[in-house]
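A short worksheet on the structure shown next.
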Amino acid sequence: MLQDSDQFLWIATDAGVSRFDGKRFEVFTIDDGLPDNQILQIYEDRQKRVWFVAFNGELSYYFDGKIYNSGNDKTLRLLKFNAVVVSIYHDSANRLWFGTNKNMLFMFDGKILTKFSSKDRASQFFFTYVNEDATGRIWTYSQTSVRSFMKGKFSRSGQTPVT
């Protein structure tokens, strides 16, 4: 569930997405542009796009009254990961980060999609979540490691991983 910046409540279900305005529900399904009716996650980015992660692994988003998917948005055609997205983060540098259920973390700067993975079994990118601190430094968290991102590279942190 998500409450967006316009105060709508969004609810992910196995039969589409419901949006509640305080008085009534509106339901969005594949007929409205979702890539799958089974929605696992919802996230709002800094541009007020409400992102949907579908069970089939595809992404879509709602913006300005319309659902965008890989059929009507060229950016979404690039964002195919062959994995399930478990986290989305939109940083202050306008980059989108996508953590997956595999040893893959992706960063999209609007033009180039960069993939990060690790051969070190003790610090792979499985189920990684991304956040940003007050200084603008990107941090990633998983069960096996905490990393910071600077100058295009990740460094392991001495902080304790999420358990």
Side-chain angles (χ1 to χ4, degrees), residues 1-117 125-134 136-143 146-147 149 162-163:
M1 188 179 334
L2 166 83
Q3 183 172 11
D4 70 17
S5 57
D6 292 327
Q7 305 308 309
F8 287 105
L9 289 177
W10 294 86
I11 304 164
T13 76
D14 62 353
V17 175
S18 294
R19 183 177 74 168
F20 183 63
D21 66 4
K23 293 183 181 177
R24 67 181 182 90
F25 282 94
E26 184 175 8
V27 177
F28 300 95
T29 66
I30 56 172
D31 294 335
D32 301 297
L34 290 176
D36 189 356
N37 280 336
Q38 294 179 331
I39 301 301
L40 302 175
Q41 285 195 44
I42 306 171
Y43 173 82
E44 183 179 25
D45 69 18
R46 294 173 183 262
Q47 296 175 353
K48 293 185 150 192
R49 294 176 293 194
V50 177
W51 289 81
F52 309 112
V53 178
F55 183 72
N56 68 4
E58 297 227 7
L59 296 171
S60 59
Y61 64 86
Y62 177 91
F63 184 71
D64 203 20
K66 180 178 178 179
I67 294 178
Y68 293 86
N69 57 47
S70 62
N72 62 11
D73 184 283
K74 66 180 181 177
T75 295
L76 290 172
R77 284 192 281 278
L78 294 172
L79 302 179
K80 302 247 181 181
F81 306 122
N82 202 20
V84 175
V85 172
V86 297
S87 67
I88 301 173
Y89 186 76
H90 192 186
D91 70 21
S92 62
N94 205 30
R95 298 173 297 201
L96 285 166
W97 295 84
F98 301 93
T100 71
N101 66 334
K102 297 184 179 177
N103 179 24
M104 298 182 293
L105 174 69
F106 294 90
M107 177 186 68
F108 183 64
D109 68 3
K111 295 179 182 169
I112 298 170
L113 182 65
T114 304
K115 174 184 163 185
F116 300 94
S117 63
F125 287 97
F126 286 102
F127 295 93
T128 297
Y129 291 83
V130 179
N131 207 331
E132 184 174 12
D133 67 21
R137 181 181 288 182
I138 297 296
W139 292 87
T140 63
Y141 307 89
S142 72
Q143 288 185 331
V146 175
R147 299 174 187 248
F149 184 75
V162 177
T163 56

Within-4.5 Å side-chain heavy-atom neighbours: F149 and V130: no

Distance-only donor-acceptor check, side chains R49 and Y68, under 3.5 Å: no

Any donor-acceptor N/O pair, S87 side chain to T128 backbone, under 3.5 Å: yes

Minimum heavy-atom distance N82-K102, with the two atoms named: O-NZ, 2.9 Å

Pair R19 + D4, salt bridge at N-O below 4.0 Å: no

Pair L59-F81, side-chain contact (heavy atoms from CB on, under 4.5 Å): steps then yes or no: CA-CA 10 Å; L59 296 171; F81 306 122; 3.8 Å; yes

Any donor-acceptor N/O pair, Y89 side chain to T140 backbone, under 3.5 Å: no

Euclidean distance, F106 CZ relative to F116 CZ, rounded to 0.5 Å: 10.5 Å

Centroid-centroid under 6.0 Å between F28 and W10 rings: yes

Between CD1 on residue I67 and CG on residue N72, distance to nearest 0.5 Å: 9.5 Å

Atom pair CD1 (I39) and CD1 (I11), whose distance is rounded to the nearest 0.5 Å: 13.5 Å

Reported OH-to-CZ distance for the pair Y61 and F52, which is rounded to 0.5 angstrom: 11.5 Å

Distance-minimising heavy-atom pair for F125 and N103: N-OD1, 2.8 Å

Minimum heavy-atom distance between S60 and L76, given as atom pair plus value: CA-CD1, 4.0 Å

Donor-acceptor pair, side chain of R95 and main chain of M107, under 3.5 angstrom: no

Stepwise side-chain contact (heavy atoms from CB on, under 4.5 Å) check, F8 with V50: CA-CA 11 Å; F8 287 105; V50 177; over 6 Å; no

Residue pairs passing the salt bridge (charged side-chain N to carboxylate O under 4.0 Å, His left out) test where at least one lies in residues 29-39, sequence neighbours excluded: none

D45 side chain to N94 backbone, donor-acceptor under 3.5 Å: no

Where at least one partner belongs to residues 62-80, residue pairs that pass salt bridge (charged side-chain N to carboxylate O under 4.0 Å, His left out), sequence neighbours excluded: E58-K80

Whether N101 side chain and V84 backbone form a donor-acceptor pair below 3.5 Å: yes

Atom pair OG1/CG of T29 and N37 - distance to nearest 0.5 Å: 5.0 Å

Shortest non-hydrogen contact between R46 and H90, atoms and distance: NE-O, 2.8 Å

side-chain contact (heavy atoms from CB on, under 4.5 Å) between E26 and D21, worked out: CA-CA 8 Å; E26 184 175 8; D21 66 4; over 6 Å; no

Heavy-atom pair of closest approach, residues Q41 and V85: NE2-O, 3.9 Å

Value rounded to 0.5 Å, distance of CG in D109 from CG in L96: 9.5 Å

Any donor-acceptor pair under 3.5 Å from E44 side chain to L2 backbone: no

Heavy-atom check, side chain of Y62 versus side chain of V17, under 4.5 Å: no

W97 and its side-chain contact (heavy atoms from CB on, under 4.5 Å) partner, picked from I138, N131, I88: I138

Shortest non-hydrogen contact from L9 toward Q3: CD2-CB, 3.7 Å

N56 backbone acceptor or donor facing Q38 side chain under 3.5 Å: no

Contact check, side chains of Y129 and V86, non-hydrogen atoms, under 4.5 Å: yes

